[in-house]
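Quick note on labels: first sequence line is chain A, next is B, and so on, each numbered from 1. Treat the numbers as computed from the prediction; the structure is a model and nothing was measured.
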Amino acid sequence: MSDNLTASTYNPANIEAETQQYWKEHNSFFADSKSSKPKYYCLSMLPYPSGRLHMGHVRNYTIGDALSRYKRMQGYNVLQPMGWDAFGLPAENAAMNNNMPPAKWTYENIDYMRDQLQKLGFAIDWSKEVATCDASYYRWNQWFFLKLLEKGIVYQKTAKVNWDPIDQTVLANEQVIDGKGWRTGATVEKRDIPMYYLKISDYNDELLSALPDMEGWPERVRTMQTNWIGKSSGVRLCFPHNITDADGALIADGKIPVFTTRADTLMGVTFVAVAAEHPIAQKAAKNNAALHDFIAECKEGGVSEEDIAKREKKGMDTGLTAQHPLTGENVPIWVGNYVLMNYGDGAVMGVPAHDERDFAFANKYGLPIQQVIASTKEQPPFDSSQWQEWYGDKENTVTVHSGKYDGKDFAAAVAAITADLQVKSLGDKQTTWRLRDWGISRQRYWGTPIPIIHCPSCGAVPVPEKDLPVVLPQDCVPDGSGNPLNKREDFLAVDCPRCGQAAKRETDTMDTFVDSSWYYFRYTCPEAGQMIDEQTKQWMPVDQYIGGIEHAILHLLYSRFWTRAMRDCGLTDLSEPFDRLLTQGMVLNDTYFRKADDGRVSWYNPDDVEVSTDSKGKPISAILREDQQPVDIGGVEKMSKSKNNGIDPQALIDQYGADTSRLFTLFAAPPEQSLEWNASAVEGAYRFLKKLWTYVNDNQTLLSQLTSIEDNTLSKAAQEARFEVHSSLQQANKDYERMQFNTVVSASMKILNALTGLERDEKNAPVHQEGARILLRLLQPITPHITHSLWQQLGETTDILDAEWPQADDSAMVTTTVTIVVQVNGKLRATIEVDASADKTSIETSALAQDNVQKFMEGKPAKKIIIIPNKLVNIVI
RNA sequence: GCCGGGGUGGCGGAAUGGUAGACGCAGCGGAUUCAAAAUCCGCCGAUGAAUAAUCGUGAGAGUUCGAGUCUCUCCCUCGGCACCA
């Protein structure tokens with residue numbers, strides 16, 4: 001039978017279905033805890049089951065899968081699990097829109113998305129699947145919460161939340177739009193409510209000091225966490241006062257404590273600013289209506305750090321004074337809306353000359369500005385009408401106008417001032433942290449119930465371990481006003497476990513970050529009748545974690561904390577859960593819009609827009625297909641609902657297949673960088689796979705054996721093709737190790753180009769046979785279906801997954817001559833072919849003999865000749 | 001506002017301090033075809049008649065025989081900011 005008769009066109013739908021069926025029948029991806037091979041735990045961040053996979057998921061899991069398959073073919077026992085971060089706010093929103101319980105919505109989404117993941121051919125061990133909304137998972141959230149409560153790591157305190165006064169409900173930050181509630185439009189208030197906190201602050205030193213040694217993590221993530229933990233060394237000092245409360249007692253023992261990192265500027269203090277909730281502000285407001293109103297105004301607006309930082313800095317004089325701790329002079333006390341009661345001491349010292357924010361504040365309210373620092377570098381003179389960068393410097397400074405402290409640099413001034421404060425018992429060195437304890441209470445239904453019972457006699461009583469899990473009712477439908485659990489008598493009513501009288505369950509649920517802080521432990525033993533069992537030891541820590549950069553701080557820090565908390569409860573020996581971390585970039589797409597007369601912007605999906613380009617292919621205009629009218633071309637932005645620039649990966653899979661989707665995703669950009677959607681580039685990926693299919697499929701007879709290569713019998717063309725195959729393979733193997741999959745794809749394309757460019761005859765057959773086998777194995781982690789199918793067409797009987805990984809053959813890359821670049825004064829003037837073994841003198845001689853080299857040397861003698869072997873000669877004149 | 005990342009052809013991107021633009025997309029020209037799709041071949045940073053030369057990696061300076069790469073200053077842009085996940 002001739003090859004022509006067996007040739008068929010590339011049909012991804014059939015190939016992929018058959019290959020997936022094969023994997024299913026062979027249980028190919030089961031990760032056996034008892035295997036003797038070295039383990040490799042490859043973890044991708046688990047998805048929120050929003051309904052359908054988006055391109056970000058596809059990218060994340062394609063990267064993880066390419067790595068998992070590569071490691072597996074390197075001989076590792078690979079665990080690649082998958083699960084669902086299934087609790088959270090979107091399910092409640094969907095419930096409101098569709099009048100459907102969040103549970104039903106969530107489980108339907110999980111079923112759909114699991115099917116999508118399977119159609120993408122990911123080598124996932126589905127026997128280890130976990131959904132965080134299953135009681136079999138979240139019972140261990142509850143169990144561990146109680147453990148931490150026992151250990152004193154859980155505690156209760158009040159916290160500020162966004163409060164919608166019309167819906168009478170707590171709002172998430174994302175539900176606050178321009179300071180108004182998203183459903184009611186009412187002005188959001190800050191309100192204090194009791195919450196459970198985890199004492200992550202007990203671990204701040206450890207979480208910080210481990211970071212420098214975490215070499216498998218990107219530098220930028222470690223820097224972000226370092227800044228987030230925010231260790232700062234400074235001085236905590238007190239401004240004495242004699243302000244009394246209603247009972248005539250001194251407020252806070254007659255002291256206003258403040259923290260500063262700039263004790264060297266203490267002599268420049270011209271005011272003290274306190275938070276609106278500070279007891280002194282409260283006291284001053286009693287007889288001052290304007291101040292009372294100002295304090296009320298401070299309560300408006302959101303609670304996010306960004307909201308607070310961007311708010312216009314405002315203040316009001318309390319009319320009260322405190323004393324400067326060193327000079328005893330009176331210092332006015334102001335209320336500032338930028339001072340936070342629950343951060344530090346709720347008060348700050350104001351040094352307008354050397355802090356930009358204080359400077360603006362003092363200028364606005366006419367407070368004095370007292371310079372106490374001068375620059376030792378040449379700088380413009382101090383000018384109290386305009387802020388200069390150097391006013392806030394710590395380096396190259398000397399104290400001035402500071403009495404006995406004059407003439408000191410930063411460290412000396414801080415030391416001298418601190419010593420005097422210590423003598424007066426009004427201050428001492430202190431380390432503070434930016435990291436705040438983790439408030440985990442959420443006033444929402446769709447989350448893990450906090451296992452606490454409120455008894456009128458006994459107070460807050462933990463649910464006994466034997467009564468776990470506290471099961472979340474599955475049939476509630478939230479309506480936007482408060483937590484539906486508060487209306488569920490069957491959930492609420494319970495007897496106090498301590499005294500037996502009628503009591504009430506806690507209705508707050510846990511932050512969903514709790515769920516994602518330890519799911520990777522549970523994957524190793526999803527059926528265990530305890531939080532984790534001995535199988536965990538076999539797999540943990542995670543060797544490679546992959547996920548979005550947006551999780552660089554919160555999720556990754558909480559997981560590091562949670563692992564330590566588990567360690568301190570005797571559950572694991574580990575401190576760090578993730579050995580290596582890869583933060584993948586975002587998926588972007590073009591945006592198109594029209595702006596209506598009233599300023600409203602409508603966004604159009606790139607699929608519905610036709611773009612015209614100039615003769616060079618540069619886009620010049622775009623029209624909407626529907627009405628043939630022009631639309632404006634926006635920038636390239638993250639795929640999102642709001643910009644209507646998302647691409648549904650399902651359409652991509654349906655049209656081109658999983659292999660093309662995977663190839664495009666990995667080829668278009670390196671994993672850490674953002675990836676731009678490009679429909680033509682998808683076509684290009686598809687074209688490559690068609691070409692690969694045709695090459696193997698059309699040449700089955702030629703390729704079906706594997707004859708050994710005798711180098712000296714090969715033609716020059718065959719040797720060159722083989723050189724290209726092996727040098728590309730060598731590069732690809734290096735790039736696999738550093739997870740640079742885009743250049744692995746490039747190398748694969750080069751290999752296929754070399755092979756298809758080489759005549760397919762008996763003489764060249766060994767090079768084709770070897771090259772095809774290299775190429776298929778090289779591509780298996782990236783496009784697993786087509787390579788599985790073509791591997792069989794080569795007559796190979798073993799599973800390609802079990803095939804030995806290809807290594808570059810040095811003998812294929814030996815060359816007799818090399819091309820050397822000749823530069824004159826660093827500029828390229830000629831290239832020369834020399835014998836690979838040529839010595840420096842002969843290289844120099846032939847370089848100098850080049851006409852163009854002589855021309856540019858203009859008859860001048862060479863001052864210096866630099867020779868880099870096999871690469872370059874630079875003649876300096 | 002604070003913190004972090006990124007700027008290289010028309011586009012995505014490639015380059016252990018050593019030939020900038022590999023590989024691909026788009027574009028242009030050609031072959032094949034009744035025609036189209038698909039496929040194959042060639043060209044493809046700018047100026048230029050040019051296989052000459054000059055310029056060219058956001059801008060400016062510096063280190064070096066040599067800088068996309070190292071150092072400093074500046075500009076633009078994107079991401080995170082604790083109740084979105």
Side-chain angles (χ1 to χ4, degrees), chain A residues 9 45-48 50 85 87-90 159 161-162 170-176 195 218 220-221 223-224 226-228 230 303-311 313 338 356-357 435-436 438-444 511-513 516 548-555 557-558 583 585-586 588 613-619 635-638 667-670 672-685 687-688 690-691 694 728 731 740 742-743 745-750 753 819-823 825-828 831 852 863-866 868 871-877:
Chain A
T9 50
M45 288 182 186
L46 81 178
Y48 178 78
S50 55
D85 190 14
F87 275 137
L89 198 52
V161 293
N162 302 304
V170 175
L171 299 178
N173 279 340
E174 72 159 13
Q175 297 172 324
V176 180
M195 295 232 286
R220 64 164 154 161
V221 174
T223 308
M224 285 162 95
T226 302
N227 292 332
W228 188 258
V303 298
S304 79
E305 187 180 342
E306 187 190 1
D307 283 341
I308 292 158
K310 276 192 175 165
R311 194 167 298 145
K313 308 289 176 287
Y338 61 94
E356 196 166 2
R357 191 174 56 187
L435 182 66
R436 310 204 292 261
W438 177 14
I440 59 157
S441 297
R442 297 290 180 271
Q443 299 68 44
R444 300 189 199 292
D511 180 4
T512 57
F513 275 121
S516 57
I549 182 69
E550 66 274 21
H551 295 291
I553 297 173
L554 292 181
H555 161 61
L557 192 61
Y558 290 148
T583 49
M586 295 171 305
L588 316 177
T613 57
D614 65 13
S615 63
K616 283 183 177 165
K618 194 179 181 177
V636 179
E637 297 193 53
K638 180 177 178 174
F667 182 47
E672 305 226 64
Q673 279 181 38
S674 53
L675 177 142
E676 283 184 37
W677 171 257
N678 181 337
S680 306
V682 175
E683 284 282 352
R687 201 174 298 150
F688 171 74
K690 274 193 290 190
K691 195 172 158 185
T694 310
S728 300
Q731 177 225 313
Q740 179 132 324
N742 56 326
T743 47
V745 176
S746 293
S748 305
M749 287 172 168
K750 281 188 199 172
N753 287 345
T819 305
I820 288 186
V821 170
V822 184
Q823 298 179 331
N825 280 346
K827 294 203 174 191
L828 173 68
T831 57
N852 211 37
K863 207 195 278 176
K864 196 169 166 189
I865 298 180
I866 292 147
I868 310 292
K871 274 220 169 116
L872 163 146
V873 179
N874 189 11
I875 301 162
V876 186
I877 57 166

Span that lies between the C1' atom of B:A59 and that of B:C76, in whole angstrom | 10 Å
Interatomic distance at P, B:G56 relative to B:G68, whole Å = 10 Å
Counting Watson-Crick and G-U wobble pairs only, both distances under 3.5 Å, name the nucleotide matched with B:G79, or none.
-> B:C3
Using purine N1 to pyrimidine N3 plus N6-O4 or O6-N4 for Watson-Crick, or N1-O2 and O6-N3 for G-U wobble, each under 3.5 Å, what pairs with B:U64?
-> none
Ignoring hydrogens and angles, answer whether the base of B:C65 and the side-chain atoms of A:Gln823 contain a donor-acceptor pair closer than 3.5 Å.
-> no
State which of B:C40, B:A85, B:C25 makes the closest approach to the side chain of A:Asn678.
-> B:C25
Any strand is fair game: report the nucleotide pairing with B:G42 by Watson-Crick or G-U wobble, both distances under 3.5 Å, or none.
-> B:C28
Short side-chain to backbone donor-acceptor contact, A:Lys313 and A:Arg311, under 3.5 Å | yes
Pick base, sugar-phosphate or nothing for A:Pro670, based on heavy-atom distances below 4.0 Å to the nucleic acid.
-> sugar-phosphate
With a non-hydrogen cut-off below 4.0 angstrom, is A:Leu89 in contact with a base, only sugar-phosphate, or nothing?
-> sugar-phosphate
For B:A36 and B:G30, measure between their P atoms and round to the nearest Å.
-> 12 Å
If pairing requires Watson-Crick or G-U wobble contacts with both distances under 3.5 Å, which nucleotide is the partner of B:G12?
-> B:C23
Remember a base hit wins even if backbone is also touched, and classify A:Glu637 as base, sugar-phosphate or nothing at under 4.0 Å, heavy atoms.
-> nothing
Does a distance-only test, which skips hydrogens and angles, find a donor-acceptor pair under 3.5 Å between the side chain of A:Asn227 and the base of B:C3?
-> no
Within the structure shown, what part of the strands sits under 4.0 Å from A:Asn753 by heavy-atom distance: base, sugar-phosphate, or nothing?
-> sugar-phosphate
What interatomic distance, in whole Å, is found between P of B:G18 and the corresponding atom of B:U69?
-> 11 Å
Spacing of the C1' atoms in B:A20 and B:G45 (rounded, Å) | 10 Å
Same-atom distance (P) from B:G10 to B:G4, integer angstrom | 33 Å
Can you tell me how far P in B:A61 sits from the matching atom in B:G13, rounded to whole Å?
-> 29 Å
Any idea which of B:A14, B:G12, B:A82 is nearest the A:Asn742 side chain?
-> B:A14
Just name whichever nucleotide pairs with B:C74, Watson-Crick or G-U, keeping both distances under 3.5 Å, else none.
-> B:G58
Please answer whether the main-chain N or O of A:Thr743 pairs with a side-chain N or O of A:Gln731 as donor and acceptor at a distance below 3.5 Å.
-> yes
Check: A:Gln175 side chain, A:Ala172 main-chain N or O, donor-acceptor pair, under 3.5 Å = yes
